[in-house]
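As structure tokens, the structure follows; a few thoughts come after it.
In what follows, chains carry the letters A, B, and so on, assigned in the order in which the sequence lines appear, proteins first and then strands, with residues in each chain numbered from 1. Since this is a predicted model, take the numbers as computed values, not measurements.
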Amino acid sequence: MRVSLTRIYHFSASHRLHSPKLDDAANVALFRECNNQGGHGHNFYLWVTVTGPLDAKTGMIVDLPTLDRIVEEHALKKVDHRFLTAEYLQLPDAADHPEPWISTSENIIRLIYPWIAAALPPGIELVGLRLDETASNRFEYAGGQPMIETSNPLECAL
Amino acid sequence: MLITRVFKFAAAHRYHDPALSDEENQRLFGACNNPYGHGHNYTLEVSVGGEVDPRTGMIINLKDLKTIVETHVIAAYDHRFLNYEVDDFQGTQPTTEQIALAIWRRLDGKFPSGYLARIRLWENDELFADVTA
């Protein structure tokens with residue numbers, strides 16, 4: 001039997017879906033309004049699910065102020081009220097990543113996951129994250145999924 | 001395949017360990033240690049798994065599910081002060097995790113068809129605990 005705890009956080013951030021390897025027309029065809037100049041914003045909701053042994057005396061998996069502090073320092077502070085580009089996030093350059101990093105929520109959630117996982121106290125495990133970009137778009141990640149290699153970026157969108 | 005029904009109850013609780021001093025309790029539990037307790041509108045999602053009976057189209061008759069949860073959980077917890085009016089939390093605190101576990105124990109094995117797959121207990125809009133087998 002497993003008990004897990006989920007806490008929901010939120011942050012406001014902007015992004016623009018744009019690939020520097022494609023020309024403008026290809027970017028518009030691929031990303032449509034998500035490619036608009038200057039980007040656009042979302043009120044993101046981040047669901048953080050953790051598990052671990054249940055402390056018999058406190059009745060808790062983890063003390064909530066501790067979890068809040070970890071998520072604030074290691075995730076929220078990096079993204080809240082920011083424009084999420086590869087440059088701002090200081091992501092490795094093209095030498096390490098054959099394709100440029102695009103700020104989709106699939107990629108944002110995979111970026112945030114190790115930030116939080118590495119910062120949890122010993123014995124507390126990150127089960128997964130859920131990122132709600134809008135009321136209709138939700139992304140979930142439980143760790144471990146590698147980047148899919150493809151030579152044709154247009155195939156990714158299909 | 002899971003069918004989930006949502007229930008609600010309002011209850012009070014307090015986090016307090018009588019083995020610790022007042023100062024230690026304050027430090028450990030903060031506002032959750034306030035002397036007269038505080039309350040929440042809890043939302044309970046009970047998920048039953050199993051095969052769909054081809055005759056009825058159901059995993060479990062929802063009327064049965066409702067009666068079982070109301071009898072074994074809601075009647076005990078709703079409008080109660082969980083620390084004092086329920087025996088489930090002796091030696092521990094009625095946290096979201098412990099209440100969810102106590103609800104699991106109250107319901108596991110009680111269904112005439114299907115099996116208890118998940119309990120999800122929301123303490124507020126931003127916090128819930130899941131119990132799965």
Under 4.5 Å from any heavy atom of chain A - which part of [X]:
X	value
B:A100	neither
B:F29	side chain
B:D130	both
B:L101	side chain

Tightest non-hydrogen contact, residues A:M60 and B:E97, listed as CA-OE2, 3.3 Å
For B:Q98 and A:D55, the nearest pair of non-hydrogen atoms, with its separation, is NE2-O, 4.3 Å
Can you establish whether the number of heavy atoms outside [X] located under 6.0 Å from its atom [atom1] is more than 12?
X	atom1	value
B:H38	NE2	yes
A:D23	CG	yes
B:M1	CE	no
B:K8	NZ	no

With chain B, the option among A:V127, A:T6, A:V48, A:L5 that has the most non-hydrogen atom pairs under 4.5 Å is A:T6
Within residues 62-77 of chain A, contacts to chain B at heavy-atom distances under 4.5 Å involve A:V62, A:D63, A:L64
Can you get from [X] to [Y] by hopping between Ile, Leu, Val, Met, Phe, Trp and Tyr side chains that sit under 4.5 Å apart?
X	Y	result
B:L28	A:I61	no
B:I59	B:L62	yes
B:F128	B:L116	no
B:L82	B:I74	yes
A:F83	A:F44	no

### A:T58 side chain near B:Y15 side chain, heavy-atom distance below 4.5 Å
no
